[in-house]
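Reckoned from all heavy atoms, side chains included, excluding hydrogens, waters and symmetry mates. In each ligand, atom 1 is the first atom listed, and ligand 1 is the first ligand listed.
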Amino acid sequence: MKSSTVSADPSAIPASNAPAVRILAIESSCDETAAAVVENGRSILSSIVASQADLHARYGGVFPEVASRMHIQAIYPVIQQTLQDAYLSLTDVDAIAVTRGPGLPGSLVVGMNVAKGLALSTGLPLIGVNHLEAHLYSAWLYNEPQSSAKTNQDPPALPEFPLLALIVSGGHTELVLMRDHLTYQFLGSTLDDAAGEAFDKVARLIGLDYPGGPAIQKAAERGNPRAFSFPRAWLDDSWNFSFSGLKTAVLREVRRLEQVRTELPVADLAASFQAAVVEVLVSKTLRAAENFEAKEILVAGGVSANRALRLTFQEQAPCRVHIPPIELCTDNAAMIAGVGYHRFLRGQRDGLEMDVLPNWPLSEL
Ligand code: KG4
Ligand code: ZN
């Protein structure tokens with residue numbers, strides 16, 4: 001096989017009577033071992049996610065060596081189950097897409113090597129994809145209803161370009177203008193902690209478990225978002241974000257409260273912190289959408305599972321906001337297949353010498 005190549009025709013979309021393109025995808029960039037089969041970048045035929053979150057919870061975060069070992073144990077059963085659920089074998093798929101980066105090196109290598117092994121043994125094309133770009137493509141996905149339970153529901157609306165996209169995950173916070181498929185104008189990112197990282201760190205500060213995002217969301221439901229007025233970093237003349245000042249403000253408040261009270265007001269702290277993050281993320285995204293005359297907004301990545309964030313976007317946005325269903329916000333392989341499809345159409349084919357890229361910014365695509 002040759003190294004990565006891309007064909008000259010970027011807009012090659014198959015005719016409606018063309019046979020469906022099925023991509024088998026593998027994701028192992030962090031602490032989820034996942035595989036999926038997706039048709040035409042949109043219809044999920046099957047998707048399995050084996051989460052290690054419970055295991056890492058006892059360390060208060062992802063323990064990289066444990067993650068790699070768990071990926072090794074889980075990956076073949078996960079792929080087998082995925083194919084079985086879709087009633088397919090490897091001969092029924094057109095290509096194998098795999099997360100190349102960014103992510104934990106030891107975790108990425110497991111998925112990459114398995115994908116290479118499958119490509120070598122079947123002769124199927126191999127496509128290495130960027131995990132952040134894949135998060136964006138979760139907005140195009142929907143679950144194909146089982147044939148025995150066909151509903152007459154239409155697939156969700158297709159996002160329309162130009163799109164203003166916000167990616168908020170455990171490792172990244174990025175604002176990107178998407179003018180077409182696979183076409184990005186990088187606007188800004190976090191200067192320090194990612195939004196998800198801030199949720200995870202603040203959760204630990206106030207005594208909540210890993211992963212911190214869902215724990216803070218749950219605690220915040222009982223809290224007052226105005227109980228503490230935590231700072232918002234607006235960084236006015238840029239599209240960048242910063243969450244480390246907010247994290248430090250929570251830390252200072254926790255230290256102060258520990259001097260004067262026996263029990264922390266966890267719900268109020270969680271609600272006030274969450275409100276500060278949500279306000280900055282939503283306001284900046286809406287402002288960028290207006291400034292760059294985006295038609296619609298797309299929000300993706302683990303933090304987009306957050307209920308307050310979803311509600312605030314839906315309430316305040318003057319245009320359609322695409323936010324994937326919860327199970328597609330956090331790491332999964334269906335999104336890898338989603339972007340893999342568009343890269344497949346463009347003619348991307350990667351060789352067996354392809355290596356993982358643990359630090360692969362979206363701006364380098
Ligand atoms: O996209 P993702 O699953 O993995 C990465 O690529 O990083 O994102 C994981 C991040 C974690 O920081 C987690 O705390 C956060 O997403 N997260 C949430 C929620 N669910 C997951 N943050 C806020 N609210 C949630 N409901
Ligand atoms: Zn992710």
Side-chain angles (χ1 to χ4, degrees), residues 25-34 36 47 49-54 56-57 60-62 64 67 99-104 107-108 111 129-139 141 165-174 189-190 193-206 208-221 223 225 243 246-247 270-271 273-282 298-313 323-336 338-339 358-362:
I26 298 170
E27 150 68 32
S28 68
S29 66
C30 192
D31 60 344
E32 260 100 25
T33 319
S47 175
V49 180
S51 176
Q52 309 169 2
D54 289 349
H56 296 289
V62 179
T99 308
R100 189 176 184 190
L104 298 170
S107 290
L108 288 165
V129 310
N130 182 291
H131 179 92
L132 298 171
E133 184 180 32
H135 268 301
L136 295 173
Y137 275 85
S138 54
L141 300 170
L166 171 72
I167 308 173
V168 268
S169 69
H172 296 84
T173 306
E174 322 260 343
S189 62
T190 180
D193 292 344
E197 193 179 356
F199 268 97
D200 294 335
K201 286 178 175 171
V202 165
R204 207 185 313 182
L205 282 178
I206 61 177
L208 298 173
D209 284 342
Y210 173 85
I216 287 196
Q217 171 176 307
K218 189 154 182 272
E221 280 163 15
F243 295 106
L246 170 59
K247 178 190 66 189
F273 161 78
Q274 180 177 267
V277 177
V278 167
E279 188 181 331
V280 173
L281 289 176
V282 174
L298 191 168
V299 189
V303 180
S304 65
N306 185 270
R307 198 175 303 138
L309 183 72
R310 299 167 79 92
L311 279 176
T312 312
F313 263 116
I323 312 181
I326 307 285
E327 71 277 11
L328 294 175
C329 291
T330 45
D331 288 349
N332 64 85
M335 66 186 196
I336 307 299
V339 70
N359 305 300
W360 187 12
L362 198 57

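Any N or O atom pair closer than 3.5 Å counts here, and Gly196 shares at least one such pair with ligand 1. By the 3.5 Å distance cut-off applied to N or O atoms, Glu32 is not counted among the residues near ligand 1. The N/O atoms of His131, backbone and side chain alike, include one that comes under 3.5 Å of an N/O atom in ligand 1. Between Phe199 and ligand 1, no N or O atom pair is found at a separation short of 3.5 Å. Polar contact check, Thr330 against ligand 1: no nitrogen or oxygen pair lies under 3.5 Å apart.
What sits closest to atom 24 (N) of ligand 1 on the protein, heavy atoms only, is Asn306 ND2, 3.0 Å. Nearest non-hydrogen protein atom to atom 26 (N) of ligand 1 is Gln217 OE1, 3.0 Å. In terms of protein heavy-atom proximity, atom 14 (O) of ligand 1 is closest to Asp200 OD1, 2.7 Å. Residue, atom and distance of the protein heavy atom nearest to atom 22 (N) of ligand 1 are Gly213 CA, 3.2 Å. Among protein heavy atoms, atom 17 (N) of ligand 1 sits closest to Gly302 O, 3.5 Å.
Residues Glu32 and Ser51 have side chains that bring a donor and an acceptor to within less than 3.5 angstrom of each other.
Here the options are Thr33, Leu108, Asp331, the test is side-chain contact (heavy atoms from CB on, under 4.5 Å), and the partner is Glu27; only Asp331 passes.
Minimum interatomic distance between Val168 and Thr173 (heavy atoms only, all atoms of both residues): CG1-CG2, 3.9 Å. Between Ala333 and Ala25 the shortest heavy-atom distance is O-CB, 3.3 Å.
For Asp200 (side chain) and Pro211 (main-chain N/O), no donor-acceptor pair under 3.5 Å exists by modelled atom type.
With a heavy-atom cut-off of 4.0 Å, Asp331 touches ligand 1 through backbone and side chain alike. The proximity of His172 to ligand 1, defined as any non-hydrogen pair under 4.0 Å, does not occur for either the backbone or the side chain.
Of the candidates Ser51, Gly170, Gly171, the one placing a heavy atom closest to atom 10 (C) of ligand 1 is Gly170.
For Cys30, the closest heavy-atom approach to ligand 1 does not fall below 4.0 Å.
Legend: residues meeting salt bridge (Lys or Arg N to Asp or Glu O under 4.0 Å) with Glu279, ordered by chain and number and at least two apart, are Arg232. Looking at residues two or more places apart in sequence or on another chain, you find a side-chain hydrogen bond (donor to acceptor under 3.5 Å, both in side chains) between Arg307 and Glu221. Here Gln274 pairs with Phe199, Ile216, Gln217, Ala220, Val278, Asn306, Ala308 under the side-chain contact (heavy atoms from CB on, under 4.5 Å) rule; sequence neighbours left out.
Taking 4.5 Å as the limit, some side-chain heavy atom of Val62 sits within range of a side-chain heavy atom of Tyr210.
Take a cut-off of 2.8 Å around the Zn ion (ligand 2): the protein N, O or S atoms inside it are His131 NE2, His135 NE2, Asp331 OD1.
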